[in-house]
Amino acid sequence: MKRLLPHPLLTPTLALVWLLLNNSMAPGQIILGLLLGWAIPLFALPFWPEQVRIRHWGTLLRFAGVVLFDILVANLKVAWLILGQPRNLRPAFVVVPLDVSHELAISILANTICLTPGTVSAHLSEDRQSLLVHALDVDDQDELAATIKARYEAPLKEIFEC
Amino acid sequence: MLNIALAIAFSLVTAAFALTLWRLLRGPSAPDRILALDTLYINAIALLVLLGIHLGSALYFEAALLIALMGFVGTVALCKYLLRGDIIE
Amino acid sequence: MSATTELLLSLLVIIGALFTFIGSLGLARLEDFYTRLHGPTKATTLGVGSLLIASAIYFSINGEGLSLHEVLVTLFLFITAPISAHLLAKAALHQRLASLVPLPKAAGSEDDQESPGSHPS
């Protein structure tokens, strides 16, 4: 089972992407999509050997909801800041210490930070212990780091690590 | 009504193009120019989607998808070049 | 097309174009590279996302059947925009570009000595 389906989640995802790309639900396309979804992970296995395991689907769904909502809020906030006086901005570099060690969790955390509250992740330290974040406008740097840790890192840790 | 909205949207996106082009020409540093190029391709996607709605043709969508793919690869390659002085490791 | 859908489409198109414009305005207007980075990566992504939703609704109503492939571009942009932003920030730090605030110590400069074994992926 593990040899035939190295990434069980990737197969339906690829099939879905294929159907969206062709914009059709014809039975032939579904079969072709599933076939591609089965074959591509097999060939991509050498690049991505470890299996992704999601432990808490509920947390994942809640996390996705929180992130989508935050993307909207962050966009409105950044738009407002751009339209305001550039001189009033208080940009800062903030170091966020990391608790997660799972690679995928770190990448998703970095991407989430880029998409949300007026921050861009700039650099992951060599030992993977901390993430350097640039923020557009901050009051309190420690508070920002604490928010990122509580709002995004904690659920990711729960989803990917125990 | 949709036609008026589309006209306003076209002018806004074109203005966005002009601003980005100004940043691309002015610089002052290489990452600034790459960021401007990155924004330009996203603006191009916006313009193509608007054109698709305006002309009622879904064909423009394929072009938008291709630009999204190629633009991302281009940005990554340019950044890699700045980081390592070399694209292919 | 009913009046309500037309109103919804017009709103989505205007909002999308407005956000695209604001993103580029930020790129032209803000003062240092690191703050400029925020405009295009956030505002523009939402702007284009909103335009693509408008396109999906328009072609679902006017074309033959449901048209969802615009979702693919939205998804792709939402995945790639943070990656390019991250790489650009990394490249700027590597070049020690001047910023409004003091740069963090030595971040980005250790990329040159990265040992080959440190990247398992």
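Not measured: the values here are computed from a predicted model. Only this structure's heavy atoms are used, side chains among them; waters, hydrogens and symmetry mates stay out.
Atoms SG and CG, from A/Cys114 and C/Leu88 in turn, are 10.0 Å apart once rounded to the nearest 0.5 Å. A distance of 9.0 Å separates CG in C/Leu72 from CG in A/Leu16, rounded to the nearest 0.5 Å. Atom NE2 of residue C/His38 and atom NZ of residue A/Lys77 lie 10.0 Å apart, to the nearest 0.5 angstrom. Note that CG of A/Leu81 and CD1 of C/Ile22 are 11.0 Å apart. Values are rounded to the nearest 0.5 Å.
Annotation for A/Leu83 and C/Arg29: closest pair O-NH1, 3.4 Å, computed over non-hydrogen atoms. Smallest separation of non-hydrogen atoms from A/Asn111 and C/Pro82: O-CB, 3.7 Å.
Of the two parts of A/Leu19, neither the backbone nor the side chain holds a non-hydrogen atom closer than 4.5 Å to a non-hydrogen atom of chain C. Residue contact with chain A, scored on non-hydrogen atoms closer than 4.5 Å, involves the backbone and the side chain of C/Phe78 alike.
Using a 4.5 Å cut-off on side-chain heavy atoms (C-beta onward), C/Leu93 and A/Leu132 make contact. Side-chain contact between A/Val17 and C/Phe76: absent, with no pair of heavy atoms (C-beta onward) separated by less than 4.5 Å.
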